[in-house]
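Just so you know, these numbers come straight off a predicted model, no measurement behind them. Below, chain A is the first sequence line, B the second, and so on; all start at residue 1.
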Protein chains: 2
Amino acid sequence: MLAQQSEADPLTSERIAGSVNTNPVFIRRILGLLSRAGLVASQPGVGGGWRLRRDAASISLLDVYEAVGAGPLLALHHRMPNPDCLIGRNIQRTLLNYFGEAEAAFKQALARQTIAQVLETAQEGELSSPA
Amino acid sequence: MLAQQSEADPLTSERIAGSVNTNPVFIRRILGLLSRAGLVASQPGVGGGWRLRRDAASISLLDVYEAVGAGPLLALHHRMPNPDCLIGRNIQRTLLNYFGEAEAAFKQALARQTIAQVLETAQEGELSSPA
DNA sequence: CTGATCCGCAACTATACTCATTACGAATAG
DNA sequence: CTATTCGTAATGAGTATAGTTGCGGATCAG
């Protein structure tokens, strides 16, 4: 939505929340994370709201993914394995390596996709749908 | 652990649980999923337990991932977006496309890795560690 | 046949996480 | 000054994860 909006006319968290069908506080929390990552900026007061700080074509989905600080794709069991077991004492380190490779492939794919592309695709979908 | 174990000497869920430092029921729940996918088999009774049904080199991490039925890597917001908004009525379909590409890259990476490789890496880690 | 294992499954609980909601202070434009 | 909007904290409902107990069914040794 921000990519679609003119820079001079920022979007309020309430309008965005209306589109997502949720509440403004939830939106502000997420936008706060994106703001800390330098992707968006907020303006308080009358006529205020949110706008992109960088061009939509320069923001990759990976930028967004990292900004919101998602946890690892494949989590390890939260309890320490048994160090008396050959597998137990080596499996976590080993799995982190293997999972890391898969996660890297995932991130590379996200890095190739930009907000501008997503916006364009959404608008194309609009044209082709018969209403 | 199952890949390391001889076929003739199945592992009980209690032994596995001891290595993971959790309880047998949790292990049985997961192995039940792997069993339905044909990756492992269980044997009740004295001397029973679990064993691999296929060679460890033929089981990819993707096989395991799909067997445990993990949800999508990137979930959509659980409430329907506002259909009166251009973005709202197109964003879910659009994002599913983009997320799907990233998830496909992730799965391709998992497909290239096998249980046999993981076991070997864990055993190598054992050799190189100074105890 | 009997008893000791061991799986399979259901029920219940504790803990944690996600999101909705309310509230209130700070910043800003007119 | 006042209306608006962000920023953040507190609270609660709903859901997910995993720990625990219990018990029935299958299997094997004797």
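Nucleic acid contact for B/Glu14: none, since no nucleic acid atom lies under 4.0 Å from a heavy atom of the residue. A/Gly32 comes within contact range of no nucleotide atom at all, as no heavy-atom separation falls under 4.0 Å.
The interatomic distance linking A/Trp50 (CH2) with D/dC6 (P) rounds to 7 Å, in whole Å. The nearest whole Å value for the distance from the CG atom in A/Leu33 to the C1' atom in D/dG7 is 12 Å. A straight line from CG of B/Asp9 to P of C/dC6 spans 11 Å, rounded to a whole angstrom. Residue B/Leu11 contributes atom CG, which lies 15 Å from atom C1' of C/dT5 at whole-angstrom precision. One interatomic measurement links the two molecules: CG of A/Leu31 to C1' of D/dC6, which rounds to 11 Å at whole-angstrom precision. The distance between atom CZ of B/Arg15 and atom C1' of C/dT5, rounded to the nearest whole Å, is 15 Å. In this structure, CZ of A/Phe26 is placed 16 Å from P of D/dT8, rounded to the nearest angstrom. Atom P of nucleotide C/dG8 and atom CD1 of B/Ile30 are separated by 14 Å, given to the nearest angstrom.
In the set C/dT22, D/dT20, D/dA26, the nucleotide with an atom closest to the side chain of B/Pro44 is D/dA26. With D/dC6, D/dA10, D/dT4 as the candidates, the nucleotide lying closest to the side chain of A/Thr12 is D/dC6. Candidate nucleotides D/dT20, C/dT28, C/dA4 were compared by shortest atom distance to the side chain of B/Asn23, and D/dT20 ranks first.
At C/dA20, one or more side-chain N or O atoms of A/Thr22 fall inside 4.0 Å of OP1 or OP2 (strictly under the cut-off). At the phosphate of C/dG8, OP1 or OP2 sits under 4.0 Å from a side-chain N or O atom of B/Ser42. The phosphate of D/dC6 (OP1 or OP2) has a side-chain N or O of A/Ser13 nearer than 4.0 angstrom. Put simply, B/Arg28 has a side-chain N or O that comes within less than 4.0 Å of OP1 or OP2 on C/dC7. Contact check, A/Gln43 against C/dA29: a side-chain N or O comes under 4.0 Å of OP1 or OP2.
Contacts between residues 65-88 of chain A and DNA chain D, defined by a heavy-atom separation below 4.0 Å, involve A/His77, A/His78, A/Arg79, listed by number.
In terms of modelled atom types and a separation under 3.5 Å, the side chain of A/Thr121 and the main chain of A/Gln117 share a donor-acceptor contact. Side-chain atoms of A/Asp9 do not come within 3.5 Å of backbone N or O of A/Gln5 as any donor-acceptor pair.
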Identify every side-chain donor-acceptor pair in residues 10-21 of chain B under 3.5 Å, counting partners at least two apart or on other chains, and give the distances.
| residue | atom | partner | partner atom | Å |
| --- | --- | --- | --- | --- |
| B/Thr12 | OG1 | B/Glu14 | N | 3.4 |
| B/Thr12 | OG1 | B/Arg15 | N | 3.1 |
| B/Ser13 | OG | B/Arg28 | NH1 | 3.1 |
| B/Asn21 | ND2 | A/Met80 | O | 3.1 |

Using a 3.5 Å cut-off and no angle test, enumerate the donor-acceptor pairs between side-chain atoms of residues 62-75 of chain A and protein atoms at least two apart in sequence or in another chain.
| residue | atom | partner | partner atom | Å |
| --- | --- | --- | --- | --- |
| A/Asp63 | OD2 | A/Arg54 | NH2 | 3.3 |
| A/Asp63 | OD2 | A/Ser60 | N | 3.0 |
| A/Asp63 | OD2 | A/Ser60 | OG | 3.3 |
| A/Glu66 | OE1 | A/Lys107 | NZ | 3.2 |

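When the nearest nucleotides of DNA chain C are assigned to B/Arg36 and B/Gly47 by heavy-atom distance, the more 5′-ward of the two goes with B/Gly47.
Under a hydrophobic clustering in which Ile, Leu, Val, Met, Phe, Trp and Tyr are joined whenever their side-chain heavy atoms come within less than 4.5 Å, directly or via other members, A/Leu52 and B/Leu95 fall into the same cluster. Both A/Ile87 and A/Leu76 belong to a common hydrophobic cluster when Ile, Leu, Val, Met, Phe, Trp and Tyr are linked at side-chain heavy-atom distances under 4.5 angstrom.
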Take B/Gln43 and B/Arg51 through the test side-chain contact (heavy atoms from CB on, under 4.5 Å) and record every step on the way to the result.
CA-CA 8 Å; B/Gln43 177 72 22; B/Arg51 57 178 180 79; over 6 Å; no
Report the C-alpha distance between B/Leu61 and B/Thr114 in whole Å, list the side-chain angles of each, state the deciding distance to 0.1 Å, and finish with yes or no for side-chain contact (heavy atoms from CB on, under 4.5 Å).
CA-CA 6 Å; B/Leu61 293 194; B/Thr114 71; over 6 Å; no
